[in-house]
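Ligands are counted one by one from 1 in listed order, and the atoms in each one are counted from 1 as well. Just so it is clear, the values below take in all heavy atoms, side chains as well, and ignore hydrogens, waters and symmetry mates.
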Amino acid sequence: MTAPLLEVTGVGKRFGSLTVLHDVSFALAPGEALGIVGPNGAGKSTLLNVVAGTLPPDGGRVVLDGQDVTGTGAAARCRGGIGRSYQVPRPFSGMTVFENTLVAASFGAGLRSRAAADAAFAALVTAGLDHHADTPAGSLRLLDRKRLELARALATDPRVVLLDEIAGGLTEAEVPALVETIQQLVREGVAVVWIEHVVHALVAVVTRLMCLTYGEVLAVGEPRAVLADPRVVEVYLGSTIAGDEPELGETA
Ligand SMILES: Nc1ncnc2c1ncn2[C@@H]1O[C@H](COP(=O)(O)OP(=O)(O)OP(=O)(O)O)[C@@H](O)[C@H]1O
């Protein structure tokens, strides 16, 4: 078995008296993809924040390529190879798509001049956004803003990519192209952790699925087995929270 690239062990997180994560563990090898589902407020984004280093955990460890990075911040983790996209894209809207990606390559990956420009353009090509390189980011439609989120994560030359609802809000017709891009990353050996309510997109990519509820791992394993688990059906797939219910349609 390939040695894990990312190991998250026994992570806990509280906000005041609210326990948001309790003893969450998983490990990922290069080229593995883990999907995370769960109801609103289950702690999914908080888990990504702990892995990315934007939030310190109250317990547990995050180990990247054998190095304990639990005590390091987001900038160090980014340079160490953890890239992420955010649930709500917030590009620098007055800058072009290329300039936004260049900022990620320069300040995220610490690259300079020509190397930063090359990394930024390569990320745009991978994300399928190079034809919009000179477009102001503020004028992009949602699919392209999502692609820019992905490109900004890729410009940091990550070995692990954390995706937070990158397919959220897209039309059914727009999802397959994004799925194909993420499948390509996985084929290239990038490890992916992907939170998503568009469940059919997740299932097309991930080899393992974890369902979180109230900050605890309710089920983890082969995606279709997890989705068929009666406890997952009860707490997640049966959920009817307006605007954020899981989407189970088919991805070609
Ligand atoms: N900075 C914070 N301070 C206090 N409470 C927070 C903070 N961030 C998140 N929470 C709370 O932690 C819980 C988990 O939030 P989180 O965003 O991780 O859930 P989620 O599973 O990602 O939900 P969603 O699917 O709606 O994005 C929620 O109750 C949320 O209100």
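Close contacts between ligand 1 and Ala42 involve ligand atoms 19 (O), 20 (P), 21 (O) [criterion: under 4.0 Å to a heavy atom]. Interface of Val20 with ligand 1, defined as ligand atoms under 4.0 Å from a residue heavy atom, comprises 12 (O), 13 (C), 14 (C). Each of the following atoms of ligand 1 lies closer than 4.0 Å to a heavy atom of His197: 25 (O). Distances below 4.0 Å separate heavy atoms of Glu165 from the following atoms of ligand 1: 25 (O), 27 (O).
Between the side chains of Thr72 and Arg77, at least one donor-acceptor pair of N or O atoms lies under 3.5 Å.
Listed here is the closest heavy atom pair of Val11 and Val50: CG1-CG1, 3.9 Å.
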*Let me see the working for Leu64 and Val160 under side chain to side chain contact (heavy atoms under 4.5 Å, CB included), right down to the final yes or no.*
CA-CA 9 Å; Leu64 178 65; Val160 178; 4.0 Å; yes

*Decide yes or no on side chain to side chain contact (heavy atoms under 4.5 Å, CB included) for Phe26 and Leu47, but give the supporting numbers first.*
CA-CA 11 Å; Phe26 65 86; Leu47 178 60; 4.0 Å; yes

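Proximity of Gly38 to ligand 1 is not established, as no heavy-atom distance is less than 4.0 Å. The shell of residues lying under 4.0 angstrom from ligand 1, judged by heavy atoms, includes Pro39.
With salt bridges taken as basic N to acidic carboxylate O contacts below 4.0 Å, none links Glu196 and Lys44. One finds a salt bridge joining Glu149 and Arg152 here, because a Lys/Arg side-chain nitrogen approaches an Asp/Glu carboxylate oxygen to under 4.0 Å.
Below 3.5 Å of separation, one finds no N or O of Phe15 facing any N or O of ligand 1. In terms of polar-atom proximity, defined here as any N/O pair under 3.5 Å, Leu18 makes no such contact with ligand 1.
The distance from atom CG of Leu150 to atom CG of Asp144, rounded to the nearest 0.5 Å, is 12.0 Å.
Within the 4.0 Å heavy-atom criterion, both parts of Asn40, backbone and side chain, lie near ligand 1.
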